[in-house]
Structures are given as structure tokens and as C-alpha cells.
Amino acid sequence: MEFKQEVIKALAAAIGSTLDEATIAKLVETPKDDKMGDYAFPTFALAKVFHQAPPLIAKDLAEKIDATPFEKVEVKGAYINFFLDKVSFANTVLTTIAQDPAHYGDQQIGTGNVPIDMSSPNIAKPMSMGHLRSTVIGNALANILTKTGYTPIKINHLGDWGTQFGKLIVAYRKWGSEADVKRDPIHYLVKYYVQFHEEAETQPELDEEARAVFKQLEDGDPEVHQLWSWFREESLKEFQRIYKELGIEFDSYKGEAFYNDKMDAVTDALEQKGLLKESQGAEIVDLSKYDLNPALIRKSDGATLYMTRDLAAAIYRHDQYHFVQSLYVVGNEQREHFQQLKAVLKEMGNDWADNIHHIPFGLITANGKKLSTRKGNIILLEKVLKDAVALAKQQIAEKHPDLANADQVAHEVGVGAVVFHDLKNERLDNFDFNLEEVVRFEGETGPYVQYTNARANSILKKTDQQPVAEVALTDAAAWPVLKALADYPDVIARALREYEPSVIAKYALRLAKAFNQYYANVKVLVDDAELPARLAMVKAVSTVLTDALHTLGVGAPAEM
Ligand SMILES: NC(=[NH2+])NCCC[C@H](N)C(=O)O
């Protein structure tokens with residue numbers, strides 16, 4: 001909002017030509033403690049220019065500043081502290097939100113297509129907590145991009161190709177049952193896969209067999225291809241059930257297999273540019289000048305690799321979408337892969353590779369242990385969501401036994417809790433998953449934010465009075481809430497800049513806390529002159545909490 005701009009203008013007028021507005025803007029701080037003002041300007045940067053001690057500069061400058069738009073302007077040591085006029089601040093914030101509630105926080109930061117490679121689970125394996133992270137972070141980033149003017153394109157780069165299909169098909173032929181796969185596809189496919197790894201420990205020839213079958217798949221053997229395509233279809237059905245639970249849709253499901261016929265073009269181009277080198281029977285691109293390990297392009301048996309597919313996919317997306325940025329929401333353990341991807345694209349002469357960004361994230365552990373499909377240590381996402389909804393249902397039944405659409409609300413709360421918990425952690429942080437902690441109604445949880453929003457809604461329903469944003473709100477207790485409300489557009493901009501949905505989740509918790517504190521100390525529904533203004537603030541809180549939750553991909557039930 002324009003408050004900071006007012007401070008900058010006042011300073012610029014007093015300082016004169018020594019510092020321009022952009023430089024001043026960078027220097028202006030937001031003090032941690034309200035007593036130091038709403039904005040503060042440190043004068044240290046001016047000491048060299050004015051050849052004076054900073055406290056003296058502060059004093060001189062403060063005398064020149066036109067203080068009329070502010071409540072007061074104070075000098076504290078080397079700082080000039082600006083206190084905003086609270087009544088006009090309240091008025092600006094509340095009328096801005098009331099004018100266009102559906103778009104508060106939206107801003108035009110950029111335009112153009114932004115493909116987001118997200119979720120991208122592997123066929124015939126359960127969707128892991130890691131894929132959940134990619135899915136919900138990618139979805140939140142898509143919403144943030146939409147709010148800031150871009151056009152996100154959500155791409156599910158399914159892991160539907162690779163040597164693992166050789167293993168799976170060998171295992172299925174040895175130990176599988178068609179009826180079992182039809183009944184419970186991923187469960188049985190995983191079982192075969194785990195069994196393959198167990199048996200291969202004592203029978204290394206199984207690995208050889210699997211490699212041969214994968215080669216048959218790459219060569220288009222109809223029987224092998226048929227099995228692959230069936231596994232893919234059944235797995236996808238299961239994934240889509242989870243996406244439906246999460247309320248997330250994709251613009252494209254073009255996975256690794258889609259690039260099968262686009263790989264030769266990549267290897268040809270690399271060859272023509274003289275970038276392909278032999279190394280131990282495989283073909284690589286040397287990246288030592290980037291301080292990276294070589295990128296593996298083709299294996300000795302001619303089989304192409306994950307990297308080659310990603311090269312083809314990156315080029316395809318560039319041709320198809322003319323992207324302004326291309327994002328990959330993929331675990332931190334693949335950091336080097338994406339560095340290599342960008343480096344090879346650059347070597348090929350594609351300057352647009354600079355617009356590719358890997359958005360890495362940390363690991364989820366369960367009881368302190370790393371999750372691994374191969375070792376059978378997996379949390380099944382569908383079960384997590386189901387358990388979360390059941391837990392939410394229990395708590396709603398205690399708090400609100402006569403709630404009309406309790407099932408729908410329990411779904412939004414349970415699923416929302418899991419999503420919120422994931423997003424409130426900084427992307428790169430590792431965290432341990434504990435269901436009870438995730439679905440609590442108190443503390444730093446999604447249900448806490450949802451509950452606060454529902455409470456704000458219920459206040460509005462208890463009165464016939466209408467919110468009026470233009471009525472003066474002078475109550476000092478409202479101040480922290482108003483300040484938090486005013487921050488929302490900056491919060492969105494920062495979440496975009498850092499590709500960090502946790503910025504929004506943390507903000508939602510802060511706003512909810514501020515509002516609950518206000519509500520504990522102030523009687524909102526007292527019939528006095530400021531009632532319409534208080535209602536406007538309650539409404540604004542609900543507007544912003546709802547928008548923040550929706551941007552994160554979490555539901556915001558009106559009642560709970
Ligand atoms: N374009 C990509 N490489 N996207 C990420 C794919 C993730 C891969 N399927 C995995 O589960 O690890």
C-alpha cells in the first residue's frame with residue numbers, strides 16, 4: 001500500500017538531490033517494535049555525504065520533514081521514526097479491501113506463460129509424501145503467479161518410462177496376478193517391485209533380465225508395451241483420485257514417455273554441435289567448465305536417460321509455450337540434475353535456459369526415518385488424507401455437533417490441514433510428519449486459520465448491521481490487525497520473489513493470531529458509532545484469510 005510511499009516522498013523532499021527515491025526506499029525499515037514507529041529511516045548512509053554524525057543528521061532532517069500526513073515524526077538516535085496516522089490508515093486499508101475483495105493482493109508484476117513441472121509421480125509406485133510436497137507447492141506457486149499477472153501451466157511430468165518398468169514387468173510375469181492388479185493396482189505393483197528387489201539381492205541375473213525387457217519396451221515390443229500401458233492407466237486412475245481429494249487439476253500429463261520420439265532430435269543436435277563425448281561406453285556432455293559432473297545422455301546399450309528426456313521436455317516447452325520462466329518443483333536431491341540440464345541447454349546455445357528455475361524442497365521423514373518405496377517404508381498419501389479427514393470430523397463433532405454440512409467441512413479441514421502443514425514449512429526445511437500435530441485446531445495449523453475465518457464469519461452473521469469501511473475506526477486495539485491486513489499485497493509479492501508459499505502460510509497465522517487477540521480484548525458487537533467500522537474490519541479479516549487459504553490451495557469453510 002501507499003503508506004511507505006508517503007514516508008519515502010517526505011524523506012526525498014527533505015533530503016533533496018543527495019539520495020533518489022529508489023535508494024531511500026531500500027533504506028526505509030519496518031521496526032520490529034511499534035514504539036519505534038511504523039517505518040524508520042536510518043541516517044548512517046548519509047554520514048559520508050554530509051560529513052556529520054548520524055544523530056545530528058537525523059535531527060536536522062526531521063526538522064525539514066513535512067509531518068502533516070503522519071501522526072508524528074520522531075528522532076531516536078540515528079533514526080527518524082515515522083508514526084502513521086491511524087485513522088486514515090484504517091480508512092485506506094478497509095476501503096481498499098471492501099472495494100474489490102475478490103482481488104485484494106492481486107498485482108501486475110509480470111505477464112507470460114510459466115510452465116510448472118510439478119507432482120510428477122512415478123507410475124506403478126504410490127504417490128509419496130515427496131510428491132505431495134511437489135504437488136501442493138506447485139499448485140500454490142501457480143495461484144501466486146495468477147495473482148501477480150502470469151499464466152501458469154501445470155504440467156505433470158509423469159515418471160512413466162525408465163528401467164524400473166523392466167523390473168516391474170519381469171516381476172509381474174513371475175509372481176503377478178491380473179486379477180490382483182485390477183483389484184488394487186498400486187498395492188500389488190508395489191508388492192511385485194519390492195519382491196523384485198528382495199530376490200535380486202540373491203539372484204543378480206534378475207537385473208540383467210529387467211534390463212533386457214526394458215530394452216524391448218524401448219524397441220516397441222507389442223506385448224511388453226501392452227503391459228506398460230495397462231500399468232500406466234491403472235496407476236493414473238489412482239493418482240487422479242488423490243488430485244481430486246486435493247482439488248488440484250493439471251493442464252498437461254505429458255510425462256517421460258511422451259518424449260520418446262523427441263529424443264533423437266536432442267542427441268542429433270548435441271552431436272552436430274560436437275558436444276557428445278564417449279566415456280566408458282556411454283555418451284556424455286562434459287560440464288567441467290561449469291564445475292559439474294558430466295551429463296549422461298545415452299547408455300552403452302543405447303537406452304536413453306532421464307536427462308535426455310528432460311532436455312527434450314525443456315525444448316518442447318520452450319517451443320510450445322514461449323515461456324518467460326519455466327519452473328521445476330522437484331526435491332532438493334535432484335539439484336545437480338537441474339544444474340546439468342541448464343548447463344547442457346546453454347552449451348547448445350539456448351539462452352532461454354537462464355529462465356529455467358529448479359524450485360527444490362526438503363525431505364519429509366516419518367518418525368525420523370527417510371521414506372523409501374524400495375525398502376517398503378512408505379506413508380500412503382491416500383491413507384494420510386483419509387485419517388486427517390476422520391480426525392477433523394471428530395474434532396468438529398465436539399466443537400460444533402449440529403453443523404449442517406459436517407462431512408464437506410471435515411474434508412476441507414482434514415485435507416487442508418495436511419496441505420497447510422506442508423506449506424507453512426520453508427520449502428527447503430526437512431520435517432517430520434505427525435498426523436495428530438497436523439490436524440490440531442490450536443497452534444500453528446491450517447485448522448486454526450480456518451477456524452479463525454469461520455469465527456469472523458459468525459460474528460458478521462450475528463448482527464443486522466452492515467459493515468461500512470468509510471466509518472472512522474479509532475480503537476488502538478485494532479492497529480495490529482489493520483497493519484497485518486495492509487501487508488497482504490507485499491506478502492504475495494515476496495512469496496513470488498522467493499517462490500516460497502510458506503511466506504503466505506506464516507502470514508495467515510500472524511493475521512489469525514492478531515485477530516484472535518483483538519477479539520479476546522474488544523467487544524465487537526456493541527452498538528456504538530464505530531460498530532460498522534469494526535464489522536468492516538472483521539469482514540476484511542475474513543476476506544484476506546480466505547484468499548490466503550485459497551492461494552495456498554486450502555479450503556476456507558464459512559462455518560466449522
Ligand atoms: N522434469 C522432471 N525431471 N520432473 C521431476 C520428475 C520427478 C520424478 N518422477 C521423481 O519422482 O523423482
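Atoms within a ligand are numbered from 1 in the order they appear, just like the ligands themselves.
The aromatic rings of His318 and His322 stand perpendicular to each other, their planes meeting at an angle above 60°, with 30° marking the opposite boundary. The aromatic rings of Phe338 and Tyr328 lie tilted to each other, with the angle between the two planes from 30° to 60°.
Checked by distance only, ligand 1 and Tyr328 stay at 3.5 Å or farther apart across all their nitrogen or oxygen atoms. Among the atoms of Ser120, some N or O lies under 3.5 angstrom from an N or O of ligand 1. Residue Arg317 places no N or O, backbone or side chain, under 3.5 Å from any N or O of ligand 1.
Each of the atoms 1 (N), 2 (C), 4 (N) of ligand 1 lies under 4.0 Å from some heavy atom of His157. In summary, the atoms of ligand 1 found under 4.0 Å from a heavy atom of Val330, numbered by their order in the structure, are 4 (N), 5 (C).
Side-chain atoms of Tyr188 and Glu234 form no donor-acceptor pair, as typed in the model, at a separation below 3.5 Å.
Across Asp422, Asn332, Ile137, a single residue satisfies side-chain contact (heavy atoms from CB on, under 4.5 Å) together with Phe361, and that is Ile137.
Atom 4 (N) of ligand 1 has its closest protein heavy atom at Asp117 OD1, 3.0 Å. Given atom 6 (C) of ligand 1, the protein heavy atom at minimum distance is Tyr306 OH, 3.3 Å. Of the protein's non-hydrogen atoms, the one nearest atom 12 (O) of ligand 1 is Gln334 NE2, 3.0 Å. Closest to atom 9 (N) of ligand 1 among all protein heavy atoms lies Asn122 OD1, 2.7 Å.
Contact annotation: for Phe338 versus ligand 1, heavy atoms closer than 4.0 Å belong to the side chain alone.
Lys289 has a carboxylate O that lies under 4.0 Å from a charged side-chain N of Glu347, or vice versa, which qualifies the two as a salt bridge. Salt bridge annotation for Glu444-Lys424: absent, with no cationic side-chain nitrogen under 4.0 angstrom from a carboxylate oxygen. Classification of Lys277 and Asp286 as a salt-bridged pair fails, no side-chain N sitting under 4.0 Å from a carboxylate O.
For the residues Leu341, Asp160, Ile155, Asp310, the heavy atom positioned nearest atom 1 (N) of ligand 1 is part of Asp310.
Glu209 meets the side chain to side chain contact (heavy atoms under 4.5 Å, CB included) test with Val170, Lys174, Leu206; sequence neighbours excluded.
Using a non-hydrogen distance threshold of 4.0 Å, His131 registers as a contact of ligand 1.
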